[in-house]
*Asks:* 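Below: one structure in structure tokens.
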Amino acid sequence: MPTETLLARLARRAGVLITKASERILRVCYGIRRPAASIRLNDLIDDRDFVIGKLSDALDADKPKDIDFWIDELLRCETEIAHAELRVERRAPTMSSIRSSGRQTPHHHQE
């Protein structure tokens with residue numbers, strides 16, 4: 001697996017900027033904030049991507065101790081991601097719970 005190219009880094013950065021801009025728009029226009037559990041999940045996914053890159057480097061360099069270390073880290077990341085996904089799913093409101101709480105959705109704005 002080759003290291004990340006400049007174009008891939010630029011695309012990733014653009015994605016981060018778009019995500020931040022959309023979160024700000026949701027917060028300003030609708031008062032919607034992204035839950036901490038969702039933010040934590042994205043951080044863990046970023047960590048996993050970093051670990052995969054390091055594991056790839058260790059495999060390319062044929063360093064068994066480094067390979068073992070990064071495989072263990074990858075397994076740890078995958079476990080944490082699975083737990084974080086469960087937390088996000090448990091905390092995600094359903095449309096019926098939003099309606100019953102009296103909060104308005106963007107498509108049901110009262111005038």
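Keep in mind that this is a model prediction, so the values were computed, not measured.
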*Asks:* With hydrophobic residues grouped by side-chain heavy-atom distances under 4.5 Å, do Ile71 and Phe50 end up in a single group?
*Replies:*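 They do share one cluster, since a chain of ILVMFWY contacts under 4.5 Å joins Ile71 to Phe50.
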
*Asks:* Taking all atoms of both residues into account, what is the closest heavy-atom pair of Ala84 and Leu44, and its distance?
*Replies:*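 Nearest heavy atoms, Ala84 then Leu44: CB-CD1, 3.7 Å.
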
*Asks:* Supply the atom-to-atom distance Asp43 CG to Ile81 CD1, rounded to the nearest 0.5 angstrom.
*Replies:*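 Between Asp43 CG and Ile81 CD1, I get 10.5 Å after rounding to 0.5 Å.
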
*Asks:* Start with the C-alpha distance between Arg12 and Asp49, add both sets of side-chain angles, then the distance that settles salt bridge (Lys or Arg N to Asp or Glu O under 4.0 Å), and finish with yes or no.
*Replies:* CA-CA 12 Å; Arg12 182 186 306 259; Asp49 292 344; 3.4 Å; yes

*Asks:* Measure the spacing between CG of Leu75 and CD of Glu80 and express it to the nearest 0.5 Å.
*Replies:*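 Going from CG on Leu75 over to CD on Glu80, the span is 11.5 Å.
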
*Asks:* With rounding to the nearest 0.5 angstrom, report the CD1 to CD distance, Ile45 to Glu78.
*Replies:*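 If we round to the nearest 0.5 Å, Ile45:CD1 and Glu78:CD are 9.0 Å apart.
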
*Asks:* How long is the gap from CG on Asp46 to SG on Cys77, to the nearest 0.5 Å?
*Replies:*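 Reported value, rounded in 0.5 Å steps: 10.5 Å.
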
*Asks:* If you measure from CG on Asn42 to CD1 on Ile39, what distance do you get to the nearest 0.5 Å?
*Replies:*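 With rounding to 0.5 Å, CG (Asn42) is 8.0 Å from CD1 (Ile39).
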
*Asks:* First locate atom CG of Leu10, then atom CZ of Arg13, and finally report the distance between them rounded to the nearest 0.5 Å.
*Replies:*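 Between Leu10 CG and Arg13 CZ, I get 10.5 Å after rounding to 0.5 Å.
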
*Asks:* Against Glu73, only a single residue in Val51, Asp47, Ile52 fulfils side-chain contact (heavy atoms from CB on, under 4.5 Å); can you say which?
*Replies:*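 Checked Val51, Asp47, Ile52 against Glu73; only one passes side-chain contact (heavy atoms from CB on, under 4.5 Å): Val51.
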
